[in-house]
Structure formats: structure tokens, C-alpha cells
Amino acid sequence: MFLSVFDIFKTGIGPSSSHTVGPMVAAGRFLEALRRSPFQAHGLRASLHGSLAFTGVGHATDRAVILGLAGFAPDSYDAGAAEAALAEISATRQVAPEGLGALSFDPKADLIFDYGPALAGHSNGMRLMATDAQGDVLLQETYYSIGGGFVVTEAELGRDVEPVAEIAVPFPFRSAAQMLEMARASGKSIAEMKRANEIAHHGHSGLEAGIARLWQVMSDCIERGLACEGVLPGGLNVKRRAPAIHVALMAERGMNIVPPHSVNDWILTYAMAVNEENAAGGQVVTAPTNGAAGVLPAVIRYWLDHVPSATTARLPEFFLTAAAIGGLVKTNASISGAEAGCQAEVGSASAMAAAGLAAVMGGTPEQVENAAEIALEHHLGMTCDPVKGLVQVPCIERNGLGAIKAVSAASLSLRGDGTHLVPLDACIETMRQTGQDMSDKYKETALGGLAVNVPNC
């Protein structure tokens, strides 16, 4: 199995990769299937199940499905056009995706939140249907949004359906142990091995341009988050805090005495800026998910702005190393909060960021692997319990702390020689087992934890 850097990092929209990006992608896939079918559809219907139903409104799953069925896609999303389309669909009770003409679709009647048991395949399940004039189903497909914007059909679930190399990659590692052994045998860094694999698929220019685009989207998101004030949507009345903290930090720079811990405040602020944008439905990069989108860009921004030796020329090394770690976590455990709790989202993001930072700070492959393990280990057991089903509390602050842990993990690993007791593979397997044993109340259903112990109305 080969997961590209562009599979782990994808441009999307907030607030959730599994609950917003994934359902929009699934709707797009269904439209493609309908275009290929022999049927002349008259209308569309959709039903949301499991976590997509329980926290769907807070995660804008309903909007994502409606817009996806109207032909919108995450990577080309236009917020103004989307709002206009939603208003028109509500008024006409129709969608008009390209190549299919006008199709009957009343969001109030044809989009069903099913609060019964989740579908058997995954906690993030949805069914999409095309109907004839009498309302009989002509075409139906079940999709599962399995985290990070990845979507599989019911038939694909459980099969090796992730992006697979059409040609043999030079370094086909599926575990951290294999990764380290290949690094020792080849004398290459993790990023160099990952680069060699990527070039077989994207070429030199495509790889560099794609990574540059990813950082541009991340950087733009940080800047918007640092500038945009106000209250986040959804009803919790959570105030954006990143702009005010940023102003205070900038003012401190001119003081004679700056608190030694203020670097942590910078890291927190960068991460919160991203996740406040995500909560508002802005454009972010899954890293590896929307809910954890602030961790990696915050660590990169910290490195670029606060570490004297940093240079943007080494950004590809950071991204490639982080993607290698993210691919191992996804392949051998999960990056889905609905499947394994927030340890799978912020924990994975922190491990990826720690590995990337250790790499650009001169770490050996063994130190990089150690950094990822330290960061993931200290997120084990973390639940996903969003208050009111919104990606706000505790998600925004949690990204900030995940970024700080990533920097600390990288620093600690670089103080050693790479030898350590717990292998990254063992930590990833522990995360998988912990997620499997975790009660569904704590896996993005808003039925346990903070979600039921904090007044949310």
C-alpha cells in the first residue's frame, strides 16, 4: 500500500474532514456513478447514520451533502457560491449537478438523520439514492467516511482500496521497523525515501509544487485566523481568541523582559488560529484531519519564525517525513475520531509534526521515529467528545496543546541518540487497541465526556 503525501494532506473545508469533507466527496462519487448509469433519475435522497447523524449538524454534514449533490467539491470550494447555492436549493427544492440536469431534492424531506444503530461497516455511514418520478430507488450506494477525507463504498470497505502504487516503489515500508531498516540499508533519511516513492507518482515538479501549495493554504489559514475576530457559529458563543493573543504577543516583543514560556503561547496561537478558521467553515488542509488541522502548521510556523536555522527550502523534508508517519498510523491503526477517539486525530497529528520537526532539526531516522512515538504515546486514550457536536470545545485548545507536545517530543528525542524502550509500531498498535476498546460515547458522537457535562445551549 502506498499513501501519498497528497493523500495525507488534502485541501478541504471546515469543520471536519470525516463529517464535512468526506460526505461532500461521497456525494461527488455518487454523482459520478449516476452519470455512468443507464438510469434517468428524477430525484435524490440521502440518509446519515452513526456519528454522521449524532454530530452531523454541528459538523455541517448536512450542508456538505447538499452542496456535494449540487456538484461542489472540497478542493475547489467557493464559500460565496456555496451560500447562494444553498439558498436556491432551499427555495426550489432542486439540485442541478453538471451533466444530470435538475433533480428533485428537498433538504428538509430528502436528507434524513437516522439516530438508530450505526451501519455495520463504520460509525460514519451514509446512504445516497437516486429515485424515479414515483420515488422508487433506481440507484443506491452506501459510503463510509473513514477519517481524513477518505471515503470508501460498502463493497470497498475492508479491501485494499487506498491509493495503491501502479508501479513498484523503491521503499515500500508498511511499519516503522521496516522504515528504519530501509533507512539503515540505504543510508537515506525518511524524507529521502518518501521522496523517491512520491517521484514515481508525481514527478519532481508536481511534488515540489504540490507541497508548496499545501504550505500556502496552511499559511493563509493561519493569517486569516490571526486577523479575523468575532464569535464562532453553532450556538456555543465561543469567541475567537487567536487575534487578541497575537496582538498581545506582538506587543511583548518590544518589552525588555519577555516571559520565557511565551514561545508556548506563540505555538498555541498559531494552532488556535487554524482551528478557529476550521470551526468557522474556512479552508484548511487535513493534517491528517480537519479536527487536528492546526497542529502541524503551528509547529512549522514556530520553526520558521522562532528557530534561527529554519528555511522554507526544507519544507518538503518536513512534509514528506510527516506524511510517512501519518501513512503508518493510518495503515496500521486509524486517523478517525469516530473510530478511535481524538488520540487518532490530534495524537496522529502531533506524532507527524514531531517527526517533521525532528527531521528538519537534523535528527537521524531513529530520532525521528522516537519523536513520533513520544508524541503519540502521550495522547493515548484521548477521547473525542465535542460539546454540542461542534469542532470547537475542546478541539481548538487541544490542537494548541498537541502542537506544544510535538515540539517537546522532537526536542526530547534530539537530546538522545534514538534508542528507546517503546517502538513506534507498538505505540500505534496500542492506539488501535485502545480505540477498539473505547466506548462509542467517546468517539465523536457527543454522547459522553465533556459533551454531556458542559451546558451547551
Side-chain angles (χ1 to χ4, degrees), residues 12-16 18-35 40-49 51-115 124-141 143 145 151 230-237 278-283 290 388-392 457:
I13 56 168
S16 172
S18 60
H19 288 59
T20 316
V21 176
M24 187 178 286
V25 170
R29 287 189 61 179
F30 185 72
L31 293 180
E32 283 300 315
L34 187 56
R35 292 185 183 103
Q40 182 62 50
H42 179 270
L44 300 172
R45 291 207 299 266
S47 60
L48 304 175
H49 304 262
S51 181
L52 292 185
F54 284 112
T55 63
V57 174
H59 285 68
T61 308
D62 47 351
R63 288 169 52 94
V65 173
I66 296 166
L67 290 170
L69 292 176
F72 283 76
D75 58 354
S76 58
Y77 181 78
D78 183 308
E83 292 304 320
L86 287 169
E88 184 174 356
I89 293 166
S90 179
T92 64
R93 290 176 289 184
Q94 288 184 332
V95 292
E98 184 178 355
L100 292 171
L103 298 171
S104 173
F105 182 77
D106 181 354
K108 293 182 179 179
D110 295 322
L111 179 55
I112 307 300
F113 286 78
D114 188 327
Y115 298 108
N124 286 340
M126 59 187 292
R127 289 195 173 112
L128 298 174
M129 294 152 274
T131 59
D132 61 17
Q134 288 75 44
D136 295 328
V137 175
L138 298 171
L139 181 69
Q140 176 175 302
E141 185 60 86
Y143 295 94
S145 180
V151 172
V231 175
L232 295 171
L236 286 181
N237 295 318
N278 179 63
Q283 188 181 58
N290 281 37
K388 204 177 179 182
L390 299 169
V391 192
Q392 298 179 18
C457 58

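Because the structure is predicted, anything quoted here is derived from the model rather than measured.
Separating the CZ atom in F72 from the OH atom in Y77 is a distance of 7.5 Å, to the nearest 0.5 Å. Taken from CD in E141 to CG in L34, the straight-line distance is 12.0 Å, to the nearest 0.5 Å. Rounded to the nearest 0.5 angstrom, L44 CG and L31 CG are separated by 7.0 Å. Between the NE2 atom in H42 and the CG atom in L103 there is a gap of 8.5 Å [rounded to 0.5 Å]. Note that CG of D62 is 11.0 Å distant from CG of L52, once rounded to the nearest 0.5 Å. Atom CG of N124 sits about 5.0 Å away from atom OG of S18, to the nearest 0.5 Å.
Taking all atoms of both residues into account, the shortest heavy-atom contact from I66 to P107 is CD1-CB, 3.7 Å. Residues A130 and F30 share a closest heavy-atom pair of N-CZ, 3.5 Å. Residues V21 and P74 come closest through the heavy atom pair CG1-CG, 3.8 Å. A pairwise comparison of heavy atoms in D78 and G80 identifies OD1-N, 3.0 Å as the closest pair. Nearest heavy atom pair, residue H59 against residue T20, reads O-OG1, 2.6 Å. A pairwise comparison of heavy atoms in A46 and V65 identifies CB-CG1, 4.0 Å as the closest pair.
In this structure, the side chain of S47 does not engage the main chain of I112 through any donor-acceptor pair within 3.5 Å. A donor-acceptor pair under 3.5 Å is formed between the side chain of Q392 and the backbone N or O of P233. Between the side chain of D110 and the main chain of D106, a donor-acceptor pair closer than 3.5 Å is present. Judged purely by atom type and a 3.5 angstrom limit, K388 has no side-chain atom pairing as donor or acceptor with the backbone of G58. Within the 3.5 Å criterion, the main-chain N or O of G389 finds no donor-acceptor partner in the side chain of T55. At least one donor-acceptor pair closer than 3.5 Å links the side chain of N278 to the backbone N or O of P15.
Residues Q94 and I89 fail the side-chain proximity criterion, which asks for heavy atoms closer than 4.5 Å. At a threshold of 4.5 Å between non-hydrogen side-chain atoms, the residues R35 and P97 count as touching. The shortest distance between side-chain heavy atoms of T61 and L48 falls below 4.5 Å.
Of the charged side-chain nitrogens involved, none lies within less than 4.0 Å of a carboxylate oxygen, so that R93 and E88 do not count as a salt-bridged pair. Contact check on E32 versus R29 returns no salt bridge, with no Lys/Arg side-chain nitrogen under 4.0 Å from an Asp/Glu carboxylate oxygen.
Looking only at atom types and distance, the side chain of S51 has a donor-acceptor partner in the side chain of H19 under 3.5 Å away.
Atom CD of Q40 sits in a sparse spot, with 12 or fewer heavy atoms from other residues, nucleotides or ligands closer than 6.0 Å.
Checking L128, V137, L69 one by one against R45, the side-chain contact (heavy atoms from CB on, under 4.5 Å) holds for a single residue, V137.
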